[in-house]
Trainee: 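Okay, handing you the structure first.
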Protein chains: 2
Amino acid sequence: MENSDTFDLQLFLPYLLNQAAEESSLSFQRVYKDRYGMLRTEWRVLFHLGIFGQMTARDIGLRARLHKTKISRAVQKLADRRFITRHRSDADRRQELLELTAAGRTAYLNLRTIAERYQADLGTDFTKAELALLQNMLQRLAGKTGNKQR
Amino acid sequence: MENSDTFDLQLFLPYLLNQAAEESSLSFQRVYKDRYGMLRTEWRVLFHLGIFGQMTARDIGLRARLHKTKISRAVQKLADRRFITRHRSDADRRQELLELTAAGRTAYLNLRTIAERYQADLGTDFTKAELALLQNMLQRLAGKTGNKQR
DNA sequence: GCTTGTTAGTTACAAAAACAACTATTATTC
DNA sequence: GAATAATAGTTGTTTTTGTAACTAACAAGC
């Protein structure tokens, strides 16, 4: 009954990435959850609108790689909380133009400040070069194959 | 209506890590899901038992940072599929000693081979040094604060 | 311009995850 | 050593996610 095997789970990238992602999300998640009652998809949508301005759900899905049902639900909740407005497009009446309200923008700016602080705090653990390399590698990993969630 | 803001979501670590984790999990997930009908927690439990041999649910929870209810259900499914056996411990009759069956070990070895191949394939995109640094940084990120999921 | 196919977004239902409350057993403390 | 607390694991309920099927609008082909 030899049970010593030599596979290091801690180095297996899908596992390791999930652990790191979960851990690094925690503190930030607590803020948007406790403070704004938001879910992960919701802050993602909020941030996309904050950063890029007016977008359709489709645009967000393409950029964030989120499935349309997730976005649909996030948009509903954000609209309920008066964080975004929705206007049917005249050019194509299937799609809706989404935009932050003043309240939404405030929430976004607030969360963005916290995100920036989090990012800055990483500077104490990693050098600028390390961080840049990490980001570069993660982007390569993230972009690899087209996972069509649209 | 100035909507050009300068926050790069693609560089924000919690977001970026999640994107990378999701992408890198995909191909491997497909294997244990389609081939063995396993969920993520289930393969994690399977691997822990494959690597470390006999363990209790508690041990697994500590190592893998999984909540006990998740483990409890994963253990049930794995036992249903005859991949693991469970024996009440004599030393402490609250806990159960979990172990792979022959079938479980076969599945584990099979999945491990695929995991190793995946890991090896990364060598085409990254140098050994890059990979080592990535793993090191991710481990530091993952280990940061004790997220007690037990 | 009518049929057929696509696309944007929603809704309904099934699967999975999160959270709380529970049982059984062991540890602690007085 | 009885009462209280803590621990291992399970079960039940609620949220959230995933998936498929749907509606409404547009696009293409003929």
Side-chain angles (χ1 to χ4, degrees), chain A residues 18-19 21-22 25-26 29-30 32-34 36-45 48-49 54-81 84-99 147-150, chain B residues 18 21-22 25-26 29-30 32-34 36-45 48-49 54-80 84-99 147-150:
Chain A
N18 270 297
Q19 297 283 45
E22 206 166 295
S25 297
L26 262 187
Q29 174 183 0
R30 203 135 35 216
Y32 62 70
K33 197 172 180 183
D34 294 354
Y36 295 102
M38 277 189 206
L39 255 31
R40 201 154 52 137
T41 310
E42 290 161 40
W43 85 254
R44 288 189 180 181
V45 168
H48 275 80
L49 294 174
Q54 192 181 70
M55 294 178 92
T56 67
R58 176 174 181 278
D59 297 335
I60 296 173
L62 288 173
R63 281 214 186 250
R65 295 190 177 195
L66 290 169
H67 193 271
K68 57 185 182 173
T69 60
K70 264 185 166 178
I71 297 177
S72 174
R73 280 158 180 152
V75 164
Q76 265 181 301
K77 284 213 187 118
L78 289 171
D80 287 349
R81 279 168 203 146
I84 66 176
T85 57
R86 359 169 45 171
H87 297 295
R88 217 144 261 297
S89 158
D90 282 331
D92 183 340
R93 302 193 344 87
R94 283 172 304 184
Q95 55 190 14
E96 261 187 344
L97 306 174
L98 307 171
E99 218 162 350
N147 145 20
K148 45 47 176 132
Q149 288 248 51
R150 82 128 98 170
Chain B
N18 270 297
E22 205 167 296
S25 298
L26 262 185
Q29 174 183 1
R30 203 136 34 217
Y32 62 70
K33 196 171 180 182
D34 293 353
Y36 294 101
M38 276 190 209
L39 256 30
R40 201 155 51 140
T41 309
E42 288 161 42
W43 87 254
R44 287 189 180 181
V45 168
H48 275 80
L49 294 174
Q54 193 182 68
M55 294 178 94
T56 66
R58 176 174 181 278
D59 296 335
I60 297 173
L62 288 174
R63 280 212 188 253
R65 298 189 175 193
L66 289 169
H67 194 271
K68 57 184 182 175
T69 60
K70 264 184 167 177
I71 296 177
S72 173
R73 278 159 179 147
V75 164
Q76 266 180 302
K77 283 212 186 118
L78 289 171
D80 288 349
I84 66 176
T85 58
R86 1 171 42 173
H87 297 295
R88 217 146 260 296
S89 158
D90 282 330
D92 183 340
R93 304 193 342 87
R94 283 171 303 184
Q95 54 190 15
E96 260 188 344
L97 305 174
L98 308 172
E99 219 162 348
N147 144 22
K148 46 49 178 131
Q149 288 247 48
R150 84 127 102 171

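Below, chain A is the first sequence line, B the second, and so on; all start at residue 1. Scope of the values below: all heavy atoms of this structure, side chains included, with no hydrogens, waters or symmetry mates.
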Trainee: Just the rounded figure in Å: distance from P of C:dT25 to CZ of B:R88.
Mentor: 8 Å

Trainee: Do you know which two heavy atoms are closest between B:H48 and B:A64, and how far apart they sit?
Mentor: CE1-CB, 3.4 Å

Trainee: Could you tell me the separation between the CZ atom of B:R65 and the C1' atom of C:dA18, rounded to a whole number of Å?
Mentor: 18 Å

Trainee: Closer to the 5' end of DNA chain D via nearest nucleotide, is it A:R73 or A:A91?
Mentor: A:R73

Trainee: How would you label the contact of A:T41 with the nucleic acid (heavy atoms, under 4.0 Å): base, sugar-phosphate, or nothing?
Mentor: nothing

Trainee: Rounded to whole angstroms, how far apart are CD1 on B:I71 and C1' on D:dT7?
Mentor: 14 Å

Trainee: Among the nucleotides D:dT10, C:dG9, C:dA17, which one has an atom lying closest to any side-chain atom of B:S72?
Mentor: D:dT10

Trainee: Touch check for B:R86, heavy atoms < 4.0 angstrom, all strands: base, sugar-phosphate only, or nothing?
Mentor: sugar-phosphate

Trainee: Please report, rounded to the nearest Å, how far the P atom of C:dA12 is from the NE2 atom of A:H67.
Mentor: 17 Å

Trainee: Rounded to whole Å, please give me the gap between NZ in B:K68 and P in C:dA24.
Mentor: 15 Å

Trainee: Would you mind reading off the distance between B:L66 atom CG and D:dA8 atom C1', rounded to a whole angstrom?
Mentor: 16 Å

Trainee: Can you name the closest pair of heavy atoms from A:A21 and A:S25 and give their distance?
Mentor: O-OG, 2.7 Å

Trainee: Is it the case that over 12 heavy atoms from other parts of the model lie below 6.0 angstrom from the CG atom of B:D34?
Mentor: yes

Trainee: Compare the minimum distances between each of C:dA24, C:dT7, C:dT10 and the side chain of A:R94, then state the nucleotide with the smallest one.
Mentor: C:dT7

Trainee: What nucleotide, of D:dC26, C:dG9, C:dT25, holds the atom closest to the side chain of A:R93?
Mentor: D:dC26

Trainee: Under 4.0 Å between a side-chain N/O of B:Q76 and OP1 or OP2 of D:dG9, yes or no?
Mentor: no

Trainee: Could you please name the option among D:dA20, D:dG9, D:dT11 that lies closest to any side-chain atom of B:E96?
Mentor: D:dG9

Trainee: Sort out for me which residue in A:R94, A:R88, A:Q95 forms a side-chain hydrogen bond (donor to acceptor under 3.5 Å, both in side chains) with A:D92.
Mentor: A:R94

Trainee: A:K70 has a side chain; which of D:dT17, D:dG9, C:dT25 sits nearest to it?
Mentor: D:dT17

Trainee: Grab the CZ-C1' distance between B:R44 and C:dA16 for me, whole Å please.
Mentor: 14 Å

Trainee: Atom CG of A:L97 and atom P of D:dA25: how far apart are they, to the nearest Å?
Mentor: 16 Å

Trainee: Under 6.0 Å from the CZ atom of B:R63, do we count more than 12 heavy atoms belonging to anything else shown?
Mentor: no

Trainee: Looking at A:K33, I'd like to know whether one of its side-chain N or O atoms comes within less than 4.0 Å of OP1 or OP2 on C:dC19.
Mentor: yes

Trainee: Side-chain N or O of A:Q95 versus OP1/OP2 of D:dC26: is the shortest distance under 4.0 Å?
Mentor: no

